[in-house]
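Here the structure comes first, spelled out in structure tokens, and everything after it is commentary.
Throughout, numbering of the chain's residues begins at 1 and tracks the sequence.
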Amino acid sequence: DTPREGFLRRQCPFRWRNLLFLGAELGKRLLEGPIDVKLAAPLLRRAAQHLDLMRGLPHFASHDTAHPLRLNMNRDYFPAGTAHWPVWPREAWPAFGVFLEEHAHIFREDLERLLTAD
């Protein structure tokens with residue numbers, strides 16, 4: 001059992017997710033196009049086992065583990081209880097989102113200058 005700080009310092013959330021995503025995506029791709037069930041089955045089985053292990057890790061306890069793609073990094077950075085909304089209400093924005101909106105006019109002016117100069 002690794003303390004939370006060590007788990008995060010070693011980038012374990014990214015490692016666990018990447019391993020899961022690689023197996024799940026590769027298995028899925030092998031079932032599209034030229035279908036190869038013989039190669040896909042062990043990859044998908046291993047991805048399912050990996051997901052079961054992740055469900056037991058404290059870091060992923062508050063994550064939605066119903067589907068591998070729901071284990072994205074939003075839960076690591078955004079407040080608990082926030083959904084994966086296509087448009088977030090302003091009160092749910094992290095500070096960086098507020099900064100971007102407050103300074104959008106500056107970004108736009110700079111982009112317009114670049115487009116005009118080109």
Side-chain angles (χ1 to χ4, degrees):
D1 294 23
T2 305
R4 181 166 171 75
E5 295 78 29
F7 188 81
L8 296 175
R9 186 175 56 253
R10 291 183 190 94
Q11 300 297 316
C12 292
F14 299 104
R15 293 174 190 217
W16 278 88
R17 284 186 185 103
N18 286 333
L19 184 58
L20 175 67
F21 294 153
L22 286 171
E25 284 299 312
L26 183 54
K28 179 180 151 194
R29 294 283 182 242
L30 288 170
L31 294 174
E32 299 169 349
I35 296 174
D36 193 337
V37 175
K38 197 171 186 176
L39 284 175
L43 285 169
L44 293 172
R45 194 171 14 263
R46 183 66 182 120
Q49 291 168 347
H50 187 71
L51 181 57
D52 285 340
L53 285 172
M54 288 177 75
R55 287 181 176 126
L57 295 173
H59 178 80
F60 297 108
S62 66
H63 290 67
D64 182 351
T65 59
H67 187 280
L69 296 180
R70 292 188 182 170
L71 274 168
N72 60 47
M73 293 175 280
N74 286 352
R75 183 64 58 232
D76 294 351
Y77 298 102
F78 298 114
T82 51
H84 298 281
W85 304 316
V87 178
W88 286 47
R90 282 185 177 80
E91 59 273 5
W93 287 6
F96 186 64
V98 174
F99 170 84
L100 289 174
E101 185 180 61
E102 288 175 352
H103 297 87
H105 65 283
I106 297 169
F107 304 133
R108 185 178 183 108
E109 290 168 8
D110 288 346
L111 288 171
E112 292 291 339
R113 270 192 296 253
L114 289 171
L115 291 172
T116 304
D118 196 24

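Hydrophobic cluster membership is shared by L26 and L39, with clusters built from Ile, Leu, Val, Met, Phe, Trp and Tyr side chains linked at under 4.5 angstrom. Linking ILVMFWY side-chain heavy atoms closer than 4.5 Å, directly or via other members, places L44 and V37 in a single hydrophobic cluster. In the hydrophobic clustering of ILVMFWY residues, with side-chain heavy atoms under 4.5 Å counting as a link, L111 and L100 come out apart.
Residues forming a side chain to side chain contact (heavy atoms under 4.5 Å, CB included) with L20 (at least two apart in sequence, or on another chain): A47, H50, L51, M54, P68, L71.
A donor-acceptor pair under 3.5 Å is absent between the side-chain atoms of R46 and the main chain of G23, judged by distance alone. At least one donor-acceptor pair closer than 3.5 Å links the side chain of R15 to the backbone N or O of R10.
Between I106 and D110, the closest side-chain pair of non-hydrogen atoms falls below 4.5 Å. Two residues are said to be in side-chain contact when any heavy atoms from C-beta on lie closer than 4.5 Å; W16 and H59 fail this criterion.
Here the straight-line distance linking atom CZ of F14 with atom CZ of F21 works out to 11.0 Å at 0.5 Å rounding. Of the inter-residue distances, the one linking E109 atom CD with E112 atom CD reads 9.0 Å to the nearest 0.5 angstrom.
Between H63 and F60, the angle of the ring planes goes over 60°, which puts this pair in the perpendicular group of the 30/60° scheme.
Taking every heavy atom of both residues into account, G27 and A40 meet most closely at O-CB, 3.5 Å. For the pair L31 and I35, the tightest heavy-atom approach, listed with the atom from each and the gap, is O-CG1, 3.6 Å.
No more than 12 heavy atoms of other residues, nucleotides or ligands sit less than 6.0 Å from atom CZ of F96.
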